[in-house]
Amino acid sequence: MKTNLKERVRRKLLQFGRKNKMCSMLVLPVLAVSMFFFHAMAYFAGNGKRFSMLTMILCLFVVYSSFSFPMFISSDGREVEWDLADADSSVELAPESDLNLEDVELLADEDALGELEDWNEGNPHGMDGVDTYDASELLASLEGRGNGTERTTQDILEAYESGELVFDTDDWRLVLINKQHSIPDDYSFTLGTIVGSLQCDERILDDLSDMLQAAKDEGFTLQVRSPYRTPERQLTNFNAKVNRYMNRGMSYMEAYQLASRVITLPGNSEHEIGLALDITCDTFADLKQEFGDTDAGKWMAENSCRYGFIVRYPKGKEYVTGIDYEPWHFRYVGVEAATVITKQGITLEEFWQELESN
Ligand SMILES: [Zn+2]
């Protein structure tokens, strides 16, 4: 039966080669391989020992090739060579989806820094080489700015609930920019100078000035950095982050995935339209989550809405924003919207959903 089949295959192939001269070069290697296969089968088929040897070799091959996959990563985040003698608890299964907050913290550690000349230490937000100014310098520069008037939180909430206060999703202050929504092609704005090299949308300068003054009156010296960033700067920051993760042994996909959780993609950052500011204070200048636990951080989370700002990436809303908690990243949306968003404890994404469903 086997010989018959082998003969038939041989004949068919030779026939094919004769009929199609063009393919005759191709037929020879196919013929050689199939003849080898038949010979090998015949060699092993009649001998139990040989057959089990072959099965073992095949099993070893399958096992070995699955272990050469980068799925075994040691607890310090580095990929390790699979070694049967070393198969103890120091090796754990780390699939790609297992990237959690601890990983981000780990990678923000200073041991990973210094790979870039202008990397700002302790800065997971990716704003290297950006000037920082504190509130007194900003206020001196913004003198004469400010609205002076303030609608109370209660007024705004009541007006919104009664339907007297209506929001329009076309309002520039509410523009939604995230991983799914890039900056609209026709979006335009004018840059205003806060102080020195710090710039932002000039329409928010009055409210910013009021907020810095109010914080100062409460005893907090806020620091502002990197409000407006060019798309080029954003791209440089993003690529630098991806490279750093790859230098730590991650694949490009893993590095990209992780980087996009801590730095927004170029073209999808509110910093590029001058409506976002990174704010910390003189006693805690790092862009780290612990800023949220400082008195200044708490005051900002509570009161920035009175000046039109929201904590854009709140804790517990990572599943909505796709960005880790950033107590320092404030987004201007205008006093009314900021008040509603903050008091309802929602995100800009959820606010948009609310407006669209109304
Ligand atoms: Zn930011």
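Just so you know, ligand 1 is whichever comes first in the structure, and atom 1 is the first atom listed for that ligand. Keep in mind the model is a prediction, meaning the values are calculated, not measured.
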Salt bridge present between Arg229 and Asp278 (N-O < 4.0 angstrom) | yes
In His329, what N, O or S atom is nearest to the Zn ion (ligand 1), if we give its atom name?
-> ND1
Checking distances from the Zn ion (ligand 1), one finds that the N, O or S atom of His271 closest to it is NE2
In terms of the angle between their ring planes, are Phe351 and Tyr160 parallel, tilted or perpendicular, with boundaries placed at 30° and 60°?
-> tilted
Look at the N, O or S atoms of Glu326, main chain and side chain alike, and state whether any lies under 2.8 Å from the Zn ion (ligand 1).
-> no
Decide if atom NZ of Lys216 counts as having more than 12 heavy atoms of other residues, nucleotides or ligands within a radius under 6.0 Å.
-> no
Closest approach to the Zn ion (ligand 1) by Asp278, given as the N, O or S atom name = OD1
Atom pair CG/CZ of Leu275 and Arg312 - distance to nearest 0.5 Å | 11.0 Å
